[in-house]
Amino acid sequence: MSINYPKSHQVIVIGAGHAGCEAALAAARMGCRTLVLTANIDTIGLMSCNPSIGGVGKGHLVKEIDALGGEMGKAADHAAIQFRRLNTRKGAAVQATRIQADRQSYRSYMKKALESETNMDIKQRMVEGFLVEGDRIAGVKTNLGEHFYADAVVVTPGTFPNGLIHIGATKISSGRAGEAAATGISESFGSIGFKVGRLKTGTPPRLDGRTIKWDMLEEQPGDKNPKPFSFTNSIIDRDQLPCHITYTNKKTHEVINNNLHKSPLYSGEIKGVGPRYCPSIEDKIVKFPDKDRHQVFLEPDGLNTYEIYPNGISTSLPLEVQYELVRTIDGLDQVEIMRPGYAVEYDYVDPTQLKPTLETKLIDNLYFAGQINGTTGYEEAGSQGLVAGINAALRVKGEDPFILDRSQAYIGIMVDDLVTKGVDEPYRMFTSRAEYRLVLREDNADMRLGELGYKIGLLKEEDYLKFEVRKKAVRQEFERLENTKVVPNSKINEILISLGASPIKKPHSLKELLRRPEITYQDLKFFELNTDLNPITDDVISQIEMDVKYEGYIKRQAEQIDKFKRLEDFIIPESFSYNDIPGLSNEIVQRLSDIRPGSLGQATRISGVTPAAISVLMVYLKRDGGHKQAQGHSISS
């Protein structure tokens with residue numbers, strides 16, 4: 001017997017991991033009555049795998065979530081026990097932020113954030129299927145026979161759909177250690193008509209820090225002057241815990257090679273495809289036989305626990321082999337395993353069945369976000385959850401959709417990659433995926449996206465005002481540097497030579513001097529005539545320095561973006577028939593009909609669609625008046 005829940009909601013979010021939390025908070029903060037259904041309320045916002053947030057590419061996503069009004073950056077700052085800037089000796093485009101988090105502190109922060117939203121209800125339920133009316137979602141049904149109705153549904157089930165854990169020959173039906181798999185919802189995907197595949201991810205054994213010989217290991221401390229993730233936080237003032245580095249060795253590799261036949265990854269038990277850029281230790285040994293060692297990064301799990309996460313040795317080998325291999329590693333020869341490592345297989349839905357809003361093409365008002373779309377990582381999941389939650393709220397309110405393109409954000413790149421190209425392995429964000437990465441830096445995420453977050457009603461006014469103050473400070477200082485001239489004389493040239501720069505023969509602006517690689521912003525004080533200038537913050541200084549030094553490259557990328565935008569503005573109507581265009585092969589017609597690109601630009605990124613086909617398509621779009629602005633494009637530009 002079914003029970004219709006009496007209270008109505010506008011948006012239902014299934015799952016409360018990183019995607020679910022961002023989706024639910026976005027919908028509720030945008031004014032929608034939101035219901036979160038999760039199998040276990042105690043695991044809201046749980047960091048299932050490694051206790052870190054950010055990294056190269058991933059840190060960019062967190063900054064963008066924050067700039068739009070999402071929560072991950074704030075939660076990361078709150079729970080951080082170590083801050084570290086990566087690639088500081090490399091170019092601005094690939095510099096990134098990573099924090100080590102107290103996993104329990106992060107979870108409790110996110111749980112409280114959801115519980116504090118007045119527009120949100122949270123219920124511990126297992127969703128078993130969807131309620132569909134015609135080609136539109138109407139709600140969901142649970143294992144208790146309840147029917148919950150809503151105008152839009154966001155699905156964020158993580159690795160739980162038909163989740164299967166492997167530890168050696170042992171198989172456990174589970175989406176995460178100790179938690180049951182979700183089978184009903186997986187069956188619903190297939191019955192509706194979605195193309196479903198199988199992926200795999202893994203985790204290393206967790207170690208008891210009391211049994212590690214720390215004095216044998218290389219210590220990696222946090223930054224002395226940590227930079228927060230969230231643009232709303234100005235300073236971080238707390239003690240930090242160090243991480244430590246050790247390495248596998250020939251003995252470790254020998255243990256693994258001798259036991260490969262016991263690994264479900266190599267015995268054929270695991271059918272799902274794993275992440276290429278985060279392989280298991282078995283994979284590393286097999287695929288890189290010439291390497292004598294692999295780094296193991298020991299990450300503390302929190303302030304009030306001895307549990308250690310050994311990043312780099314993800315494995316699904318039997319537990320007795322896990323003991324044998326970890327005890328061959330320097331500093332770990334007497335280590336105790338608190339939790340075994342394992343691999344988990346799970347169902348995902350082909351993301352080419354989604355629109356750029358993350359709404360499904362099969363069912364209106366149904367959105368997918370996170371690992372269900374074939375991605376891996378907290379940051380990728382949170383970004384998708386934010387996009388799905390925003391668009392679900394906008395749909396309910398009858399407003400234009402929110403779509404970020406590849407020139408605006410890493411979030412836009414990821415979504416475009418997923419819906420245009422699909423995945424054949426778990427998708428992970430890298431800076432190399434960004435064509436315009438010099439423009440899409442971490443430091444300017446608020447400048448790029450803050451106004452958009454405020455427009456759609458997600459970024460709070462107080463945070464928007466902080467962004468406006470920073471934006472104004474950058475603009476004013478940039479103008480001052482352009483307009484302040486330095487006249488050549490013996491003293492000025494002596495200073496330049498002492499800084500390793502060549503002397504000047506004609507007046508230069510401060511901006512021109514700062515463009516020189518030898519000169520930093522702080523060096524400009526030697527050329528200042530007025531010492532009573534208004535002080536500016538470090539984050540403003542950092543952005544100005546990058547903008548000035550990379551100005552020529554940024555201008556070139558801006559020109560490339562203009563060309564990109566012209567193709568994106570060739571809008572292809574959703575009902576457009578490719579069968580009516582002579583000169584397109586059957587294969588290309590099929591690919592275009594399956595993906596249904598929203599623009600000529602998106603069509604160019606579909607695998608198998610040739611430049612000649614794009615030229616033919618452009619002729620037909622021009623003839624039919626296709627060079628128009630896309631619905632919702634005004635929000636995202």
Side-chain angles (χ1 to χ4, degrees), residues 5-48 51 53 62 65-66 68-80 101-127 139-140 142 144 146 148-158 160 176 178-179 229-230 232-233 302-304 367 369-370 378 381-386 388-390 392-393 396 453 457-463:
Y5 190 73
K7 185 175 180 179
S8 63
H9 293 89
Q10 293 170 297
V11 177
I12 291 175
V13 177
I14 301 172
H18 301 282
C21 287
E22 295 295 348
L25 289 169
R29 289 169 176 174
M30 291 172 67
C32 294
R33 294 186 306 279
T34 303
L35 171 64
V36 176
L37 298 174
T38 179
N40 187 348
I41 287 177
D42 291 333
T43 59
I44 287 174
L46 180 66
M47 302 175 76
S48 310
I53 297 281
V62 181
I65 291 171
D66 185 72
L68 288 166
E71 201 68 22
M72 182 173 275
K74 296 182 180 69
D77 286 347
H78 170 84
D102 183 307
R103 291 173 69 243
Q104 296 307 319
S105 178
Y106 188 96
R107 178 193 59 78
S108 61
Y109 175 97
M110 272 298 188
K111 185 171 184 284
K112 184 177 179 181
L114 266 66
E115 291 175 343
S116 300
E117 286 298 323
T118 55
N119 276 332
M120 191 180 300
D121 290 325
I122 304 171
K123 296 192 181 298
Q124 184 165 295
R125 303 287 195 279
M126 179 71 82
V127 174
V140 301
T142 74
L144 299 180
E146 297 164 295
F148 291 92
Y149 291 90
D151 300 313
V153 174
V154 182
V155 183
T156 70
F160 284 82
R176 181 166 56 206
E179 297 181 64
F229 250 128
S230 178
T232 63
N233 293 327
L303 293 173
N304 300 306
Y367 298 81
Y378 308 145
S383 302
Q384 293 170 74
L386 186 69
I390 288 171
V396 167
L458 187 54
L459 188 66
K460 294 178 182 177
E461 185 168 8
E462 61 193 86
D463 294 336

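Values in this document were obtained by computation on a predicted structure and should not be read as measured data.
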**Intermediate values then yes/no, side chain to side chain contact (heavy atoms under 4.5 Å, CB included), R103 and L46** = CA-CA 7 Å; R103 291 173 69 243; L46 180 66; 3.9 Å; yes

**Request:** Test side chain to side chain contact (heavy atoms under 4.5 Å, CB included) on I122 and I44 and set out the steps.
**Result:** CA-CA 10 Å; I122 304 171; I44 287 174; 4.0 Å; yes

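The two residues A16 and V36 have their closest heavy-atom pair at CB-CG1, 4.0 Å. Scanning all heavy atoms of the two residues, the minimum distance from G15 to T156 falls at O-OG1, 3.4 Å. Nearest heavy-atom pair across A150 and I12 is CB-CG1, 3.5 Å. Residues Y378 and S48 come closest through the heavy atom pair OH-N, 3.4 Å. When all heavy atoms of L386 and A26 are compared, the pair lying nearest together is CD1-CB, 4.1 Å. Minimum interatomic distance between A27 and A393 (heavy atoms only, all atoms of both residues): CA-CB, 4.1 Å.
Counting heavy atoms from C-beta on, the side chains of N119 and C32 never come closer than 4.5 Å. Using a 4.5 Å heavy-atom cutoff, the side chains of T34 and E117 are not in contact. Using a 4.5 Å heavy-atom cutoff, the side chains of Y106 and H78 are not in contact. Residues K111 and I41 form a side-chain contact, since some pair of their non-hydrogen atoms from C-beta on lies under 4.5 Å apart. A heavy-atom distance below 4.5 Å is not found between the side chains of M47 and R107.
Annotation: the span from D102 atom CG to S108 atom OG amounts to 8.0 Å, rounded to 0.5 Å. Interatomic distance, K74 NZ to T232 OG1, rounded to the nearest 0.5 Å: 4.5 Å. Considering CZ of R33 and CG of D121, their distance stands at 10.0 Å, rounded to 0.5 Å. Taking OG1 of T118 as the reference point, atom CZ of R29 lies at 10.5 Å (rounded to 0.5 Å). Going from atom CG of L35 over to atom CD of Q10 covers 12.0 Å, rounded to the nearest 0.5 Å. Annotation: the span from L25 atom CG to M120 atom CE amounts to 4.5 Å, rounded to 0.5 Å.
With sequence neighbours left out, F229 forms a side chain to side chain contact (heavy atoms under 4.5 Å, CB included) with I53, V62, K63, A76, D77, T97, I99.
With F148 as the fixed residue, the side chain to side chain contact (heavy atoms under 4.5 Å, CB included) test singles out one of V140, V127, V153: V140. Tested against H18 for a side chain to side chain contact (heavy atoms under 4.5 Å, CB included), the candidates M110, Q384, M72 yield a single pass: M72.
Counting non-hydrogen atoms of other residues, nucleotides and ligands closer than 6.0 Å to NZ of K123 gives a total above 12.
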